[in-house]
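Letters go in sequence order (proteins before strands), and every chain restarts at 1. The figures here come from the full heavy-atom set of this structure, side chains too, leaving out hydrogens, waters and symmetry mates.
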Amino acid sequence: MAQDTTSKTHERAVEDLTTAEARAELEALALHLGRANDAYFRDDAPVMSDAEFDHLRNRNAAIEKRFPDLIRSDSPSRQIGAAPSDAFGKIRHTRRMLSLANAFTEDDVVDFIAGLRRFLGLAPDAPLALTAEPKIDGLSLSLRYENGQLRHAATRGDGETGEDVTANARMLDEIPQHLTDAPDLLEVRGEIYMSHSDFAALNARQAAAGGKSFANPRNAAAGSLRQLDPGITRARPLRFFAYAWGAVSAPLGQTQTEAIDRLTALGFPTNPLFRYCPTLDDLLTAYRDIEAQRASLGYDIDGVVYKLDDLSQQERLGLRSTTPRWAIAHKFPAELAWTRLDGIDIQVGRTGALSPVARLSPVTVGGVVVSNATLHNEDYIAGRDSRGAPIRDGRDIRIGDWVQVYRAGDVIPKIRDVDPARRPDWSTPFQMPAHCPECGSPALREPGDSVRRCTGGLTCPAQAVERLKHFVSRAAFDIDGLGAKQVESFWRDGWIVAPRDIFTLRDRFGPGQPRQLKNREGWGEKSAQNLFDAIDSKRRIPLARLIYALGIRHVGETSAGVLATQYGTWSAFRAAMSEAADPDSTAYAELIAIDGVGPVMVQSLITAFQVEAGTIDALAALLDIQAAEARASDSPVAGKTVVFTGTLERMTRAEAKARAEALGAKVAGSVSTKTDLLIAGPGAGSKAKKAADLGIEVIDEDQWLALIGAS
DNA sequence: GTGCCTCGAGTTCA
DNA sequence: CTCGAGGCAC
């Protein structure tokens, strides 16, 4: 396994080391392991073998054990926990793994049910059955069975692509390896979790063996499933509940209830508290019952999931971008903790936004020690907006206050409340600085904006660095070995000041140059060469990624994709951005006509290409920009613009729109020359006439359903 | 003008 | 994950 033995060649027994040698070696190990960890964590580019990684980590631990006084504040033993995740292969989910929308109050649930009825075109009192089940606090897993055999197991990942943990899933008793009487293709989805008793026992074993303990059962489950050595996973008591499915070759039933029964019959553990709820009252009763049992279940749950029971109705409702419309998670009240607010720091983001961050006396909330929390913006801290009106959830928050902290979505620490009785008498309302703490430029708040922004632009170090970090981020250029930390370090030394410097790095600091990367601390011949190669490999870049990487305000990943698809090539896009500066130009009209592009984004694009034309063009000249391909789809309506008019008799307007969009069609509100197809129900008026005048194809609802294969 | 829905931006801890 | 706000339909 150990291809690279250089670092071990001169290794000496730990007992023989002098203090000075130990200190030097710990420093070197911190550097190497930190880099290796970054490479694993961020990219798919391990810089050393797993065996060597483990060896170095053990060596570090051994030296620290003998010289406890020398343990560094940046010690790898503190930073490197579970095995690096990217050592796992990737699996693309055939059906995306979604998350759930949340309900926090009974009113939210009532709204959810009303929304279902509205979408389906049902009367407010029409019967509508749902199901309720506990929401397990673990990590979701997708299991793919082909001809009854377990083929793949994948974590959720970002929903599109997860990690391949097949070898580990095969080690778990509660996951069937073979199925009988199953559909040829069956993807089962569920939750991996660890029970309270198993968690306590595991931590006790870990402590006895001198290992680190886990903060909570969910972390223990995640750490155990993501072991590189399946043997370790085998020894961990992981459990599983099935609650959903992905692709299937034959339906599991007509309702959620039937499908869950079928999964149970196939041998999957399903939750015993699953319940069929014909009415809203049944649903809320189920919630209270499950909440009452929460402490005695023996495993963590964080709410109750409601799903529409009828699967054909589920299909009609369809999906939003990241959540299904037919399900919701009714969350339990979050765990709370009181602590003191020791200070408020100001961070400066990529766009210059000044965000206040609370520095808290460390406190345990929901099994995790929290010491920072976001405070959003100045209105939030003042408890009122710029006109003095109180704002929702805002609080008068001051340094020195006792504050109540919770973790929103069980993740992001937030401040819920302030105890006025314990406010120190010296406290004063927090004042946002009028100048950027990083560069001293005036920090201004535009009318109507809730955020104060540094006006320094790219002369502000914080903005410049954040821009660079954005440029190399995963969804942008994603250069192996050039992550946030490296970019910041290069920026500090003036090696990379703007994005284009990345692509001239080899010319300026490569072989033959007076200053060379390989002589830089922490770099060698090989690693320098690898970085140059990694950079070169990203010169060829899809148009969408480049547009996103530019970091133009209001242009995120999605909008960048839309723009790329619309213009196709860099030269077309680049020309349009210049021409659009004239609001009377056709370029302007075309730009603002793009679905999802409005006046704010247009202005932002125009300004960016005026102010930064030189740097952008210099960058583009160093790249090989790939044209965007029109999205291919097998649906007959993909890419078509359709308009609905008149009364639809077999579905609501919302449903028709959602379905058409799911098939790749664009749904417009009015007929124009861009319209490809008009679906006209009874009572269609001017739109149908206009369509006829323009020679646009007009069909009725039945023909439409036949066209999309859904009659 | 109101009310979705989505997107962008900033966020934590491991 | 959440908030704020842009974009769009009604």
Side-chain N or O of [X] less than 4.0 angstrom from OP1 or OP2 on [N]?
X: A:Thr558; N: B:dG8; result: yes
X: A:Asn372; N: B:dC13; result: yes
X: A:Ser355; N: B:dT11; result: yes
X: A:Arg350; N: B:dA9; result: yes
X: A:Lys414; N: C:dC3; result: yes
X: A:Thr374; N: C:dT2; result: no
X: A:Gln347; N: B:dT11; result: yes

Categorize A:Val451 for me: base, sugar-phosphate, or nothing, with a 4.0 angstrom heavy-atom threshold over every strand shown.
nothing
May I ask you to say what A:Ala353 touches in the nucleic acid, namely base, sugar-phosphate or nothing, with a heavy-atom cut-off under 4.0 Å?
sugar-phosphate
What residues form a salt bridge (Lys or Arg N to Asp or Glu O under 4.0 Å) with A:Asp417, not counting sequence neighbours?
A:Arg395
Output the single nucleotide from B:dT6, B:dG10, C:dG7 whose closest atom is nearest the side chain of A:Thr351.
B:dG10
Closest nucleotide of DNA chain B for A:Gly556 versus for A:Ser371: which of these residues is on the 5' side?
A:Gly556
What orientation do A:Phe471 and A:Phe477 show, parallel under 30°, tilted 30 to 60°, or perpendicular over 60°?
parallel
For A:Ala476, enumerate each residue passing the side chain to side chain contact (heavy atoms under 4.5 Å, CB included) test, keeping only those at least two apart in sequence or located in another chain.
A:Ser473, A:Tyr548, A:Ala549
